[in-house]
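Structure first, then comments.
The basis for the numbers below is simple: all heavy atoms, side chains too, and nothing from hydrogens, waters or symmetry mates. The chain is numbered in sequence order, starting from 1. We count ligands from 1, going down the list as the structure has it; atoms in each ligand are counted the same way. It should be emphasised that the depicted structure is a prediction, and the values quoted were computed from it without experimental measurement.
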Amino acid sequence: MRITCPNCQKAYNLPDSKLPAGKKVTFPCPACRAPIKLDLRPKTPGDKISTLFQIRRKKPPAKLDPVTPYSKTQPSGMALKYGLLRAIGELPIMPQVALKAQEVLANPDSSMRELVRIIEIDPAITVKVLKLANSAYYGLSGKVSSVQHAGTLLGYEVLGEIITVAAISEIMDKTLKGYGLDSGKLWYHSLAVAFGSKNIARKKYIELETDGFTAGLLHDIGKVILDQHVHDRKNSFEILMRDSQETFLSAEKKILGFDHADIASEFCRKWNFPEVQTQAIKYHHYPSRSQDNELAYILHVADVIAMGSDLGTEFDDMLYQMDNGAIDLLGLDEIKVSNIMAEVVQSVERITNKV
Ligand SMILES: [Fe+2]
Ligand SMILES: [Fe+2]
């Protein structure tokens with residue numbers, strides 16, 4: 001389908017297979033960010049027939065095996081989930097330094113010295129911490145050469161944030177074959193959601209600023225955990241998404257029995273991340289199911305903002321919709337959202353030394 005942005009008039013070609021037939025969708029124009037609304041509901045009996053025709057006429061490409069998407073030989077549901085959770089110690093997912101930093105930062109009596117000691121023994125993380133401290137975002141451009149010095153100049157809180165970023169980048173900066181994400185794509189998205197969450201929290205729920213930042217970095221870690229399993233079932237995903245117009249998220253649920261947000265939340269709980277974060281991560285796509293976890297709404301809106309600012313993770317992003325009540329609950333409006341988006345893009349560019 002060819003669509004034109006009503007604001008900047010830029011035209012795009014969207015593959016019909018990616019559009020949810022029979023639904024209304026809104027997504028931001030990749031060029032000017034103005035909302036583009038599409039009403040794909042059939043308007044006349046003729047439209048209804050043509051929609052059906054479009055769906056029916058698609059045949060599986062030759063390379064795909066036209067079998068049922070649900071494999072009987074691969075584990076799914078509880079068997080897969082508990083298998084993953086049982087193997088948590090063997091999965092080299094979360095670096096020890098990230099867990100130790102989390103422990104120290106959660107203790108109100110901990111000191112700068114303890115924080116510095118965590119990373120001093122890990123040269124790779126130390127290099128990353130110094131690179132981040134010297135980035136345009138933290139503003140010490142080339143002035144610091146030791147973690148202790150960075151801590152003195154930036155303070156305990158900021159140093160804790162930098163250590164969290166450095167440690168989590170180890171896991172999120174990978175290529176994910178199952179999700180079709182090149183190296184860096186998920187990491188840039190995670191940074192965008194972290195900065196967006198921090199910004200949104202600061203406006204109304206200041207006490208959630210730090211939790212928002214960490215949860216933003218980790219919200220899609222489920223994709224790292226599930227990547228191999230998604231890759232092993234790539235055929236099933238492609239068939240289900242093509243034939244049933246499912247989003248990747250609902251395809252995860254149908255094929256694996258749970259989605260990346262579920263498993264991320266379970267892992268984060270095992271790693272002793274605060275409950276407010278684990279719950280928010282679980283519901284970041286459906287915050288209204290979270291029983292009023294404000295952080296889930298914050299993550300959700302930051303996620304949608306990241307998708308709208310080209311810091312998303314896949315084309316499918318366009319089909320995720322903003323939860324209706326989220327904007328009001330967080331005290332946001334169109335202007336505030338567009339300001340947050342601009343700040344998020346700038347922060348990601350500055351922390352990754354793109355400017
Ligand atoms: Fe997600
Ligand atoms: Fe996300």
Side-chain angles (χ1 to χ4, degrees), residues 27-28 30 81 84 93 164-165 168-169 171-176 178-201 211-227 229-230 237 241 246-269 273 277-290 293 295-323 326 330 337 340-341 344-345 347-348 352:
F27 56 88
K81 191 188 258 189
L84 286 166
I93 290 174
T164 307
V165 173
I168 293 176
S169 76
I171 357 160
M172 306 296 272
D173 204 6
K174 294 177 179 156
T175 299
L176 300 185
Y179 288 89
L181 298 175
D182 293 336
S183 169
K185 189 92 177 157
L186 183 62
W187 178 231
Y188 279 34
H189 172 68
S190 308
L191 281 171
V193 177
F195 285 124
S197 300
K198 188 174 167 180
N199 187 317
I200 296 167
D211 284 320
F213 188 79
T214 308
L217 289 177
L218 289 170
H219 77 286
D220 274 340
I221 196 172
K223 292 185 176 175
V224 178
I225 298 165
L226 295 179
D227 186 57
H229 299 278
V230 170
F237 273 87
M241 289 167 71
E246 302 277 357
T247 61
F248 215 113
L249 187 73
S250 62
E252 284 175 338
K253 207 139 201 154
K254 289 199 170 156
I255 293 170
L256 302 173
F258 52 90
D259 62 33
H260 68 273
D262 284 323
I263 196 73
S265 160
E266 303 258 8
F267 267 62
C268 287
R269 186 170 292 120
F273 280 83
Q277 290 184 29
T278 62
Q279 284 294 309
I281 288 170
K282 182 178 175 79
Y283 295 109
H284 74 265
H285 285 286
Y286 305 106
S288 52
R289 297 180 191 169
S290 71
N293 178 319
L295 192 55
Y297 283 89
I298 290 172
L299 279 187
H300 174 69
V301 173
D303 204 16
V304 175
I305 289 175
M307 290 165 190
S309 59
D310 267 357
L311 289 161
T313 47
E314 54 220 322
F315 182 84
D316 197 35
D317 288 350
M318 285 187 172
L319 305 182
Y320 291 130
Q321 292 181 54
M322 181 92 82
D323 182 283
L330 299 172
V337 166
I340 294 168
M341 198 181 269
V344 162
V345 171
S347 298
V348 173
T352 53

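Among the backbone and side-chain atoms of Asp303, none of the N, O or S atoms lies under 2.8 Å from the Fe ion (ligand 1).
Take the N/O/S atoms of His219: the one nearest the Fe ion (ligand 2) is NE2. Checked against the Fe ion (ligand 1), the N, O or S atom of His260 at the shortest distance is NE2. Asp220 has its closest N, O or S atom to the Fe ion (ligand 2) at the position named OD2.
Taking the six-membered ring wherever Trp is involved, the centroid distance between the rings of His260 and His219 does not fall below 6.0 Å. Between Phe195 and Phe213, the ring centre distance stays below 6.0 Å.
Between the NE2 atom of His284 and the NE2 atom of His285, the angle taken at the Fe ion (ligand 1) works out to 90° after rounding to 10°.
Gln279 is listed as a side-chain neighbour of Tyr283, based on a closest heavy-atom distance under 4.5 Å. Looking only at side-chain heavy atoms (C-beta outward), Phe237 and Val230 come within less than 4.5 Å of each other.
For His229 (side chain) and Leu226 (main-chain N/O), no donor-acceptor pair under 3.5 Å exists by modelled atom type.
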